[in-house]
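Below: the structure, in structure tokens.
Throughout, numbering of the chain's residues begins at 1 and tracks the sequence.
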Amino acid sequence: MHKTRWSVTEELHDPVISRPDELRGGTGAKFHVALTATDAPYSKWQCRIMYYWYKKMKDMPGSDMGGFTRVLHSGNPDNLMEEIPTVVVDPLPEGIDRGYIVLNRPWAFVQWLEKATIEEDYILMAEPDHVFVNPLPNLAHGDHPAAFPFFYIKPTDHEKIIRKYYPEDKGPVSNVDPIGNSPVIIKKSMLEKIAPTWMNVSLRMKDDPETDKAFGWVLEMYGYAVASALHGVRHILRKDFMLQPPWDLEIGEKFIIHYTYGCDYNMKGELTYGKIGEWRFDKRSHLRGPPPRNLPLPPPGVPESVVRLVKAVNEATANIPNWDADVNSS
């Protein structure tokens, strides 16, 4: 899997792969930060860290961040309502998601956009396991949203399947961007049009065994990519939007750490991916509750991205009140 990644990454020549080519700068307009979440302890502790770094970066020079909403799709308020600005929405009816909980994400956005008053004209769709490491400007440009290109989203490799949802009269399959819904900065008015289509396409994909098998855990990402293409939307592709340790080694001028992969190393600082390391940080080690404060730093030789991630987690947990309190209660 990693070999594929490096070959694809090498093809993405500069940090901005944009359509049309002249779109390089941002708008400077404020954007609202929105992340979808559940009331599970695993989601809660990630949201608390994410919100800490949002608050720290929001007013720094170069940031265009506006307000913040945790879109809680568990259907009921929880015990973080006073700590994090939250709007409660309903989950999908029981059984519809077939155990694939992220199908709730497009449905959550549809409900939130209908019921909330959002002052900003742009929205950043973010996730609980995002940490802001540099002030984030508005990377969108007018009607051109900005997105991160994922190495494993390859619409042109799945033309037969994509054509079930994106007919030939819409244009070539290459019109479907290699993206998911997050991170994306997009005009609110555009997302209001795309979100219902994203939900419906994702549900249709989940109902089709061939599509479900081919796309697996990234099905909902393909759902967003296809839905936005159906509305004629092309994204400015920004590979500096985000980095993903342990594969991305340096922070540089990138904006968000996405800590979805486990980071396993021996004490020589060598990556032991796929094998539990002598030193490790993996969010899935903390499914039932938050990680402890003051996690041990990685050994010498481990990449800057991993060191910065652990330091960011430690700083947040040291400063968030009642970190060790029971967040299992709702």
Atom of [X], atom of [Y] and distance for their closest heavy-atom approach:
X	Y	answer
L230	K170	O-NZ, 3.6 Å
H32	E120	ND1-OE1, 2.8 Å
N314	R293	OD1-C, 4.5 Å
C263	W279	O-CZ3, 3.7 Å
P135	M57	N-SD, 3.8 Å

Using 30° and 60° as the class limits, which term best fits the ring planes of W247 and Y273: parallel, tilted or perpendicular?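 Taking Y273 first and then W247, their aromatic rings stand perpendicular (interplane angle over 60°).
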Could you check whether the rings of H286 and W45 sit parallel, tilted or perpendicular, using 30° and 60° as the cut-offs?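 Taking W45 first and then H286, their aromatic rings stand perpendicular (interplane angle over 60°).
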Check the pair E119 / K30 against salt bridge (charged side-chain N to carboxylate O under 4.0 Å, His left out), numbers first and verdict last. CA-CA 9 Å; E119 293 181 7; K30 295 285 186 187; over 6 Å; no
Could you note down all residue pairs passing salt bridge (charged side-chain N to carboxylate O under 4.0 Å, His left out) where residues 202-213 supplies at least one of them, sequence neighbours left out?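 Passing the test, one end in residues 202-213: R98-D207, K160-E210, K164-D208, K164-E210, K206-D212.
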Among residues at least two apart in sequence or on other chains, which ones pass salt bridge (Lys or Arg N to Asp or Glu O under 4.0 Å) with D143?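 Counting only residues at least two positions away or on another chain, D143 forms a salt bridge (Lys or Arg N to Asp or Glu O under 4.0 Å) with K187.
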Are I276 and V302 connected, step by step, through hydrophobic side chains (Ile, Leu, Val, Met, Phe, Trp, Tyr) whose heavy atoms are closer than 4.5 Å?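 Cluster IDs for I276 and V302 differ.
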Single-linkage hydrophobic cluster, 4.5 Å side-chain cutoff, Y166 and F150 together: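 Per the 4.5 Å side-chain linkage, Y166 and F150 are co-clustered.
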How about Y224 and H235: are their ring centroids closer than 6.0 Å?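 That pair passes the under 6.0 Å test.
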Aromatic ring proximity H258/F148, centre distance under 6.0 Å: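 For H258 and F148, the ring centres are not under 6.0 Å apart.
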Result block: side-chain N/O donor-acceptor pairs under 3.5 angstrom for residues 81-93, not counting sequence neighbours:
residue: E83; atom: OE1; partner: R48; partner atom: NE; Å: 3.2
residue: E83; atom: OE1; partner: R48; partner atom: NH2; Å: 3.0
residue: E83; atom: OE2; partner: R48; partner atom: NE; Å: 2.9
residue: T86; atom: OG1; partner: R70; partner atom: NE; Å: 3.0
residue: T86; atom: OG1; partner: R70; partner atom: NH2; Å: 3.2
residue: T86; atom: OG1; partner: I84; partner atom: O; Å: 2.7

Stepwise side-chain contact (heavy atoms from CB on, under 4.5 Å) test for F68 and K55: CA-CA 9 Å; F68 186 101; K55 289 191 294 183; over 6 Å; no
